[in-house]
Amino acid sequence: PSRRPDSPRSWRRNGWSGVIERVVENWLTNVNERGYEIAFCQMLCNKGFRVLHAGKHGQAEQGKDIIAIDPDDIACGFQLKTGDFDLAGWRKIHDQIVELAELPIQHPSVPKGIKHRSFFVTTGEVNDPVRLNINSLNATLVSRGFGPVETILKGQLLRDFIEGHGTFLPKELTDFK
């Protein structure tokens, strides 16, 4: 039988102890949006992104909790959420996701009028109706000249945080001093 690549059994096969993985998964399951924003920015930096803006949630964010430049010099907007999404939950945030994709990034370090990548990030999963809704939204966005909304879900977040844990969690007991 095939195993999920992010299961505890696969962690042991990959040489991970499972303790860090369980700690990270527990944290990810219980954290709020602001609670994982700094760690997410650190993870982006570890992947070669340059974070330009994070913080100030509200109307002025235009669907973008984090603004960054990816390793290929493309501007990116990230909308952070927590938990699993069913269709009712998706409908509540749909307008934010449309703003994420359609409204241009407004930052002094990003030239006006350039296209950007858009990411919907959640610490949970999306169910099939939401996945289909995102596919439909992406088809509409692309037909109108915008880029698609890419997703980063719990499994990918978990892997990324676990792989980068040494950059923000102590590796040795002496690191706690």
Side-chain angles (χ1 to χ4, degrees), residues 1-58 61 63-71 76-94 96-97 100 117-135 138 148-177:
S2 67
R3 300 209 196 302
R4 289 182 18 193
D6 57 351
S7 70
R9 186 168 286 170
S10 71
W11 293 335
R12 284 189 291 277
R13 271 197 324 267
N14 291 325
W16 295 333
S17 70
V19 174
I20 291 295
E21 294 74 18
R22 287 190 301 275
V23 168
V24 172
E25 184 170 21
N26 183 53
W27 166 74
L28 204 55
T29 302
N30 293 296
V31 73
N32 64 26
E33 284 173 38
R34 291 183 186 261
Y36 80 98
E37 183 176 73
I38 291 172
F40 185 78
C41 288
Q42 178 66 44
M43 185 266 303
L44 288 175
C45 291
N46 289 345
K47 291 178 159 240
F49 285 73
R50 239 180 7 188
V51 175
L52 302 177
H53 174 80
K56 296 208 181 182
H57 296 250
E61 78 179 20
K64 299 157 190 75
D65 293 324
I66 297 170
I67 298 169
I69 305 295
D70 76 9
C76 301
F78 298 85
Q79 178 59 243
L80 304 184
K81 296 295 178 192
T82 58
D84 295 332
F85 278 85
D86 60 11
L87 206 48
W90 174 255
R91 287 180 177 142
K92 289 179 185 175
I93 66 161
H94 181 267
Q96 287 179 38
I97 303 303
L100 168 68
R117 293 175 68 192
S118 301
F119 294 87
F120 165 57
V121 183
T122 184
T123 60
E125 299 295 336
V126 298
N127 67 14
D128 283 342
V130 173
R131 183 184 49 77
L132 294 172
N133 199 284
I134 293 170
N135 286 344
N138 282 342
V149 173
E150 302 174 54
T151 58
I152 300 175
L153 307 177
K154 181 181 180 177
Q156 182 178 347
L157 277 177
L158 191 56
R159 283 187 300 276
D160 289 345
F161 284 135
I162 289 167
E163 287 173 7
H165 82 272
T167 62
F168 54 89
L169 289 176
K171 293 181 191 175
E172 306 279 334
L173 288 178
T174 57
D175 291 345
F176 282 107
K177 292 182 182 178

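Between the CG atom of L52 and the CZ atom of R50 there is a distance of 6.0 Å, given to the nearest 0.5 Å. If you take CD1 on I66 and CD1 on I38, they are separated by 9.5 Å, rounding to the nearest 0.5 Å. Taking CD from E25 and OG1 from T123, the interatomic distance works out to 11.0 Å, rounded to the nearest 0.5 Å. Note that CG of L80 and NZ of K64 are 13.0 Å apart. Values are rounded to the nearest 0.5 Å. To the nearest 0.5 Å, atoms CD1 (I67) and CZ (F49) are separated by 14.0 Å. For the atom pair CZ of F85 and NZ of K92, the computed distance is 9.5 Å after rounding to the nearest 0.5 Å.
By the side chain to side chain donor-acceptor pair (under 3.5 Å) test, N135 is found to be paired with no residue, residues two or more places apart in sequence or in another chain being considered. Contacts of S118 classified as side chain to side chain donor-acceptor pair (under 3.5 Å), with partners at least two apart in sequence or in another chain: H116.
Listed here is the closest heavy atom pair of Y36 and L157: CE1-CD1, 4.2 Å. Of all non-hydrogen atoms in D84 and E125, the two that sit nearest each other are OD1-N, 2.7 Å. In this structure, F161 and A39 approach most closely via the heavy-atom pair CE2-O, 3.4 Å. K154 approaches T29 most closely through the heavy-atom pair NZ-OG1, 3.8 Å. The nearest pair of heavy atoms linking K81 to F120 is CG-CE1, 3.8 Å. The two atoms that bring N138 and V149 nearest to each other are OD1-N, 2.6 Å, heavy atoms only.
When side chains are defined from C-beta on, N127 does not count as touching W90, because their heavy atoms never get closer than 4.5 Å. The closest side-chain heavy-atom distance from L44 to F78 is below 4.5 Å. Counting heavy atoms from C-beta outward, Q79 and D65 have side chains that approach closer than 4.5 Å. Side-chain atoms of D70 and K47, non-hydrogen and from C-beta on, never get closer than 4.5 Å to each other. Side-chain contact between D86 and P129 is absent, with no heavy-atom pair separated by less than 4.5 Å.
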